[in-house]
Peer 1: 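Here you go, one structure.
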Amino acid sequence: MNFQKICVLGLGYIGLPTASTFATNGVNVIGVDINPHVIETLRNGNIHIHEPGLRTVVEAAIKSGNLTVSSTPEEADAFLIAVPTPFYEDQYNEYEGRKYKLADMRAVISAAEAIVPCLRTGNLVVLESTSPPRTTIDLITPILERSGLEAGSDFFLCYSPERVLPGQILRELIENARVIGGVTPESAKAGHDLYAIFVKGDIIETDATTAEMVKLMENTTRDVNIAIANEFARLAEKFGVDVWEAIGLANLHPRINILNPGPGVGGHCISVDPWFFVEAAPELTPLIYYARQVNDGQPHFVVEKVKQALDDLKDKKIAALGLAYKPDVDDLRESPATEVVHLLHEAGAQIKVWEPFKPHAEMKGIDMASSLDQALANADLILLLVKHTEFVSLDPKEIASKTTARLAVDCVNAWNVEEWKNAGFNIIRFGVNKSQ
Ligand SMILES: NC(=O)c1ccc[n+]([C@@H]2O[C@H](COP(=O)([O-])OP(=O)(O)OC[C@H]3O[C@@H](n4cnc5c(N)ncnc54)[C@H](O)[C@@H]3O)[C@@H](O)[C@H]2O)c1
C-alpha cells in the first residue's frame, strides 16, 4: 500500500515523535491535538515535552514542509491514534473485596469519532494507545463503522502497540521490533507497509487482540517482577539483610534476574496497564492485582524510613531530590516520588523539592526549589527519590559544604556508602535495615 498522507491524532510522547519521524521520511503528516497549547507551541517552533533529540526531528519535520499541525483531522491515507489511556481517578469496581481501577477510554473514543467523517474506502486506521484486550474489535470497530464502511473489507484496521523507552524514543521507534495486529490479515499487511516506511526492526503481523495482549503482558510482567523485588526489600529489612547485596548475589544464577526495588512504580504505562487486565477479567488476575497493591504501597515504606531517621516529621526540613517516575525524564505521571513528597508534607515535614527536568512542576502545597543548592540549604535530611544521572554523580564532599543535613536516605541505591560516610553523612538505604 502507498501512503502519501497520514494523520496522527495525539501529539504527546508517542504521537509527536511518530508524526515527525514519518514526516522526515517523506510522508505528508497532519499532526492533530485537542490541546490548544500543544498546537500553539508547535506552530511557534517549540516543543512541549522533553525527549532527547526530539526538538531536532520536529524542527526538521516542520522545515521540510511535511509536518503541519491542526486541532481537527482531515482526509488522509492512514490515521494513527496515539492519545492517552489512563485510568479513572475516582471510579472503581470490586471483585471479592479487591477494588480495582477502570480504564478511561474517553480520549480513544473521541479520537475514533473524529476520524469517522474523514474515513474513505481503502484507508488504514491504527490504534497505538495501550488499550484493554479486545478494544480494537469491540470499541473501535463499531465507532469507525458509523462511516458506513466495514472494518477489514472497506478499510483496514490494526492495533500496533508502542514499546519505546522514554529517553530513547527516537532511536527505539526505528530500531525496535513492531507488532502489527490486524482485524484481518490484509489489515495487518497494510499496517506492515505503513511502518516499513521507517522501522528497521522486525515487523511482525498478527491479529489485533494478540497485539493488545502483547503490550499488556510486557508491562504487567515488569510490574509483577518489580513487586517481588519490593517484597524482597521488605523481607531483607526484617531479617537485617542488605537487599542490594542479596539481589546481586541471586542474579549470579544464570536463570535469575531480579529487578531493583524502589519507592514504587509510576509512569503512564507500567503502573496503569496491569489494571486493564484486572478490569477485563478480575476473576483471573489475583497475582496482577496484588502486585499493583505492593507497588502502590511502596511510598508509605519510604515515609516510614524517613520517619525512623528523623524520629518526628513535624517541621523537619527535607531536601527531596527527584520527582520523575524514572531516571533522566521529565514525566511525573503516576510518579511514586510525587506521592512520597505529598505524604511527607501531609505528615508535617517542610519539603523542598529539586527536579532538574521539571524545576517549575506544579505540586499543590509543595515548595519547588529553583536549584539543587536551594533545596539543600538548611535541610535536616536529604531524600534521594530518583536515580537521575546528575544525582548519582554528586560529590558528597561538595554536598556536605552546601547543606546542614548530615542524614541522607537513598531509595534507589545510587550513592556509594563509604564515600558519603567519609564526607560526614549518615546514609540510610532503602532495603537495608541499618544506618551506615
Ligand atoms: N509515553 C510512553 O512512553 C508510552 C509508551 C508506550 C505506549 N504509550 C501509550 O501511548 C498512548 C499515548 O501516550 P503518550 O505518552 O504519548 O500521551 P501524552 O499524554 O504525552 O500525549 C497524548 C496527547 O493526545 C492529546 N489528545 C487527547 N485526546 C485527544 C483527541 N481526542 N484527539 C487528538 N489528540 C488528543 C493530548 O492533548 C496529548 O497531547 C497511551 O495509550 C500510552 O499508554 C506511551
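In listed order, ligands and their atoms are each counted from 1.
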Peer 1: May I ask you to decide if the ring planes of Trp275 and Tyr289 are parallel, tilted or perpendicular, using 30° and 60° as cut-offs?
Peer 2: perpendicular
Peer 1: With a 3.5 Å distance limit and no angle check, can you tell me whether Ser131 reaches the backbone of Ser129 through a side-chain donor-acceptor pair?
Peer 2: yes
Peer 1: Give the atom numbers and elements of ligand 1 that come within less than 4.0 Å of a heavy atom of Ala107.
Peer 2: 28 (N), 31 (N)
Peer 1: Find all atoms of ligand 1 within a distance of less than 4.0 Å from any non-hydrogen atom belonging to Cys269, and give their numbers and elements.
Peer 2: 4 (C), 5 (C), 6 (C), 7 (C), 8 (N), 44 (C)
Peer 1: If you draw a 6.0 Å radius around CE in Met213, do more than 12 non-hydrogen atoms from other residues or ligands fall strictly inside?
Peer 2: no
Peer 1: Is the backbone N or O of Leu11 less than 3.5 Å from a side-chain atom of Asp33, with the two atoms forming a donor-acceptor pair by type?
Peer 2: yes
Peer 1: Got the closest protein heavy atom to atom 43 (O) of ligand 1, with its distance?
Peer 2: Thr130 OG1, 3.3 Å
Peer 1: Would Phe198 and Phe22 count as a close aromatic pair, with their ring centres under 6.0 Å?
Peer 2: yes
Peer 1: Testing Ile81, Val8, Leu9, Thr18 one by one against Glu128 for a side-chain contact (heavy atoms from CB on, under 4.5 Å), which residue passes?
Peer 2: Thr18
Peer 1: Starting from atom 36 (C) of ligand 1, find the nearest protein heavy-atom neighbour and note its residue, name and distance.
Peer 2: Asp33 OD1, 3.4 Å
Peer 1: Students should be able to answer this: which protein heavy-atom is nearest to atom 32 (N) of ligand 1, and at what distance?
Peer 2: Ile34 CG2, 3.7 Å
Peer 1: Among protein heavy atoms, which sits nearest to atom 11 (C) of ligand 1, and what does the distance come to when rounded to 0.1 Å?
Peer 2: Val83 O, 3.4 Å
Peer 1: Please list the nearest protein heavy atom to atom 15 (O) of ligand 1 with its residue and the distance rounded to 0.1 Å.
Peer 2: Arg333 NH2, 3.2 Å
Peer 1: Which atoms from ligand 1 have a heavy atom of Ala82 less than 4.0 Å away?
Peer 2: 12 (C), 22 (C)
Peer 1: Could you list which atoms of ligand 1 come closer than 4.0 Å to a heavy atom of Lys215?
Peer 2: 6 (C), 7 (C)
Peer 1: At a non-hydrogen distance cut-off of under 4.0 Å, which region of Pro161 contacts ligand 1 (side chain, backbone, both, or neither)?
Peer 2: neither
Peer 1: Under a 4.0 angstrom heavy-atom cut-off, which atoms of ligand 1 come close to Gly10?
Peer 2: 23 (C), 24 (O), 25 (C), 33 (C), 34 (N)
Peer 1: Which ligand 1 atoms does Asn35 reach within 4.0 Å, using its non-hydrogen atoms?
Peer 2: 37 (O)
Peer 1: Students should be able to answer this: which protein heavy-atom is nearest to atom 41 (O) of ligand 1, and at what distance?
Peer 2: Thr85 OG1, 2.6 Å
Peer 1: Determine, step by step, whether Arg163 and Glu172 satisfy the salt bridge (Lys or Arg N to Asp or Glu O under 4.0 Å) criterion, reporting the C-alpha distance in whole Å, the side-chain angles of both residues, the deciding distance to 0.1 Å, and the verdict.
Peer 2: CA-CA 8 Å; Arg163 308 147 104 188; Glu172 292 207 351; over 6 Å; no
Peer 1: State whether the side chain of Glu51 and the backbone N or O of Gln168 hold a donor-acceptor pair below 3.5 Å, judged by distance alone.
Peer 2: yes
Peer 1: Examine the proximity of ligand 1 to Arg163 and report which part, side chain or backbone, both or neither, has a heavy atom under 4.0 Å away.
Peer 2: neither
Peer 1: Can a side-chain donor-acceptor contact be found between Thr136 and Glu212 if the only test is distance below 3.5 angstrom?
Peer 2: yes
Peer 1: Distance from Leu323 atom CG to Leu385 atom CG, nearest 0.5 Å?
Peer 2: 7.5 Å
Peer 1: Quick one: look up the protein heavy atom nearest atom 2 (C) of ligand 1 and list residue, atom name and how far away it is.
Peer 2: Ile14 CD1, 3.8 Å
Peer 1: Looking only at distances, can you tell me whether any N or O atom of Glu162, backbone or side chain, sits closer than 3.5 Å to an N or O atom of ligand 1?
Peer 2: no
Peer 1: Using only atom types and a distance under 3.5 Å, with no angle test, would you say the side chain of Ser393 pairs donor to acceptor with the backbone of Thr389?
Peer 2: yes
Peer 1: Can you check which of Ala111, Ser129, Gly12 brings a heavy atom nearest to atom 21 (O) of ligand 1?
Peer 2: Gly12
Peer 1: Is it true that a side-chain atom of Asp77 and a backbone atom of Lys5 form a donor plus acceptor pair closer than 3.5 Å?
Peer 2: yes
Peer 1: Considering Pro73, Ser110, Pro84, Pro86, which one's heavy-atom position lies nearest to atom 22 (C) of ligand 1?
Peer 2: Pro84
Peer 1: Just jot down the ligand 1 atoms closer than 4.0 angstrom to any heavy atom of Pro166, in number order.
Peer 2: 3 (O)
Peer 1: Write out the residue and atom name of the closest protein heavy atom to atom 1 (N) of ligand 1, then the distance separating them to 0.1 Å.
Peer 2: Tyr13 CB, 3.6 Å
